[in-house]
Amino acid sequence: MCADDATCGTPTWIGKGLTCVCFKRKGTYERICINLTPQQAKRLRRLKHRMKVYFDASRPDHQEALRALWAATYPDQELHGLISDQWKEMGWQGKDPSTDFRGAGFISLENLLFFAKTFSRLLRKQGGKRADWEYPFAVAGVNITFMLMQMLDLEATKPRTFVRSVFLQMLSDNEWAFDLLYCVAFVVMDKQWLERNATYMEFNDVLKSTRAQLERELLMDDVLQIEEMPSYSLLS
């Protein structure tokens with residue numbers, strides 16, 4: 001029997017014979033099951049596949065994705081080449097963006113492109129009073145992808161955290177849940193950056209506090225979908 005306002009089960013129990021654990025949502029206890037539904041399993045496999053694709057500068061589709069990112073970011077400025085000093089304007093560390101993907105892989109470019117096409121106003125940092133010190137947009141985006149991979153623990157065979165289990169429930173409702181969560185993470189990070197008037201040396205601290213806020217919101221009683229997270233409103 002679960003005590004009132006308590007979580008029934010802990011992450012350390014998961015994988016030791018239990019098929020479900022429960023936690024309190026909207027005044028009742030909801031179950032998060034280890035055994036995924038067929039739809040959850042299918043979408044998780046697809047997401048894991050995306051995560052395992054490394055960026056390959058020799059692949060035409062990867063080259064095209066980079067060009068599409070440039071076009072979405074700077075629609076009125078012609079790109080001179082896939083290796084160019086122009087990329088530094090977007091916040092890559094050098095003139096060859098392919099060297100910045102590292103562990104985050106091709107999905108980090110997909111995330112950047114999704115964000116750029118869907119929320120171009122935010123991409124150009126047009127809202128609010130900007131900080132004296134700005135973070136590099138592209139490198140920040142790659143780091144956010146990597147942070148979400150770690151936070152959601154998607155490579156685990158079985159759920160080890162409630163955040164991961166909650167996300168899998170969201171994924172069953174929306175196969176673009178990871179991409180939407182990425183966009184929320186980006187605007188949360190940007191907001192915290194401005195509120196702190198942070199410097200580039202504080203980027204890791206801002207990223208950690210961004211992760212903490214996302215985890216809190218994902219476990220809130222009334223949050224059953226990405227769109228119900230309080231910070232989702234920052235995208236409007």
Inset, instruction - Could you tell me whether E78 atom CD has more than 12 heavy atoms of other residues or ligands within 6.0 Å of it? - result: no
Inset, instruction - Taking the six-membered ring for Trp and the full ring for Phe, Tyr or His, determine whether the centres of Y200 and W193 are under 6.0 Å apart. - result: no
Legend entry - Derivation and outcome, side chain to side chain contact (heavy atoms under 4.5 Å, CB included), residues H49 and K52: CA-CA 5 Å; H49 175 73; K52 292 177 180 178; 5.7 Å; no
Inset, instruction - For the residue pair R216 and Q213, establish whether any side-chain heavy-atom pair is separated by less than 4.5 Å. - result: yes
Inset, instruction - Might you confirm whether atom NZ of K95 has over 12 heavy atoms from other residues, nucleotides or ligands at distances under 6.0 Å? - result: no
Inset, instruction - Evaluate the side-chain proximity of T99 to W92: yes if any heavy-atom separation is below 4.5 Å, no if none is. - result: no
Legend entry - For E110, side chain to side chain donor-acceptor pair (under 3.5 Å) partners two or more places apart: R50
Inset, instruction - Compare every heavy atom of A140 with every heavy atom of M189, then report the nearest pair and how far apart it is. - result: CE-CB, 4.0 Å
Legend entry - Residues forming a salt bridge (Lys or Arg N to Asp or Glu O under 4.0 Å) with R196, sequence neighbours excluded: none
Inset, instruction - Working to the nearest 0.5 Å, report the span between CZ of R46 and CZ of R43. - result: 7.0 Å
Inset, instruction - Report the residues that fulfil salt bridge (Lys or Arg N to Asp or Glu O under 4.0 Å) with E195, sequence neighbours left out, ordered by chain and then residue number. - result: K191
Legend entry - Minimum-distance pair of heavy atoms, taken over all atoms of P230 and V223: CD-CG2, 4.1 Å
Inset, instruction - Flag the pair T73 / E89 as yes when at least one side-chain heavy-atom distance between them is below 4.5 Å, and no otherwise. - result: no
Legend entry - With D96 via side chain to side chain donor-acceptor pair (under 3.5 Å) - residues at least two apart: S98
Inset, instruction - Tell me whether Y74 is reachable from F137 by hopping between hydrophobic residues (I, L, V, M, F, W, Y) whose side-chain heavy atoms are closer than 4.5 Å. - result: yes
Legend entry - With Q93 via side chain to side chain donor-acceptor pair (under 3.5 Å) - residues at least two apart: D100
Inset, instruction - Considering non-hydrogen atoms only, spot the tightest contact between A72 and P75 and give its length. - result: O-CD, 4.0 Å
Legend entry - Hydrophobic cluster membership, W176 vs M170, 4.5 Å side-chain cutoff: no
Inset, instruction - Without swapping roles, check the side chain of Q40 against the backbone of L168 for a donor-acceptor pair under 3.5 Å. - result: yes
Inset, instruction - With sequence neighbours left out, write down each residue that passes side chain to side chain contact (heavy atoms under 4.5 Å, CB included) with R59, or none if nothing qualifies. - result: V53, D56, D61, H62
Could you go through residues 143-150 and list every donor-acceptor pair under 3.5 Å that involves a side-chain atom there, pairing it with any protein atom two or more places apart or in another chain?
unit_1 : atom_1 : unit_2 : atom_2 : d
N143   : ND2    : V139   : O      : 2.8
T145   : OG1    : N111   : OD1    : 2.9
T145   : OG1    : G141   : O      : 3.4

Inset, instruction - Supply the atom-to-atom distance F203 CZ to K208 NZ, rounded to the nearest 0.5 angstrom. - result: 12.0 Å
Legend entry - Heavy-atom pair with the smallest gap, counting every atom of A185 and T210: O-CG2, 3.6 Å
Inset, instruction - Please name the pair of heavy atoms, one in G91 and one in P136, separated by the smallest distance, quoted to 0.1 Å. - result: O-CB, 3.3 Å
Inset, instruction - Can you measure from SG (C183) to CG (L234) and round to the nearest 0.5 angstrom? - result: 12.0 Å
Inset, instruction - Indicate yes or no: at least one non-hydrogen side-chain atom of L79 is less than 4.5 angstrom from one of L66. - result: no
Legend entry - S84: side chain to side chain contact (heavy atoms under 4.5 Å, CB included) partners, not counting sequence neighbours: H80, Q86, W87
Legend entry - Main-chain N/O of D173 paired with Q225 side-chain donor or acceptor, under 3.5 Å: no
Inset, instruction - Just jot down the side chain to side chain contact (heavy atoms under 4.5 Å, CB included) partners of A68, sequence neighbours excluded, or say none. - result: L113
Legend entry - Test side chain to side chain donor-acceptor pair (under 3.5 Å) applied to E227 - qualifying residues, sequence neighbours left out: none
Inset, instruction - Mark yes or no for whether Q169, through its side chain, and V166, through its backbone, hold a donor-acceptor pair below 3.5 Å. - result: no
Inset, instruction - Tell me, please, which residues at least two apart from D85 pass salt bridge (Lys or Arg N to Asp or Glu O under 4.0 Å). - result: K88
Legend entry - Inter-residue atom distance L152.CG - F178.CZ, 0.5 Å rounding: 6.5 Å
Legend entry - Non-neighbouring partners of E215 that pass side chain to side chain contact (heavy atoms under 4.5 Å, CB included), sequence neighbours left out: M151, V163, R211
Legend entry - Heavy-atom check, side chain of L82 versus side chain of R67, under 4.5 Å: yes
Inset, instruction - Hey, could you give me the CG/CE distance between L44 and M51, rounded to the nearest 0.5 Å? - result: 8.5 Å
Inset, instruction - Please answer: with hydrophobic residues joined when any side-chain heavy atoms are less than 4.5 Å apart, are L154 and Y54 in the same cluster? - result: no
Legend entry - Pairwise side-chain contact, F167 with L218, heavy-atom cut-off 4.5 Å (strictly under): no
Legend entry - ILVMFWY cluster, M220 and L180 together (side-chain gap under 4.5 Å): yes
Legend entry - From CZ (F186) to CZ (F115), nearest 0.5 Å: 5.5 Å
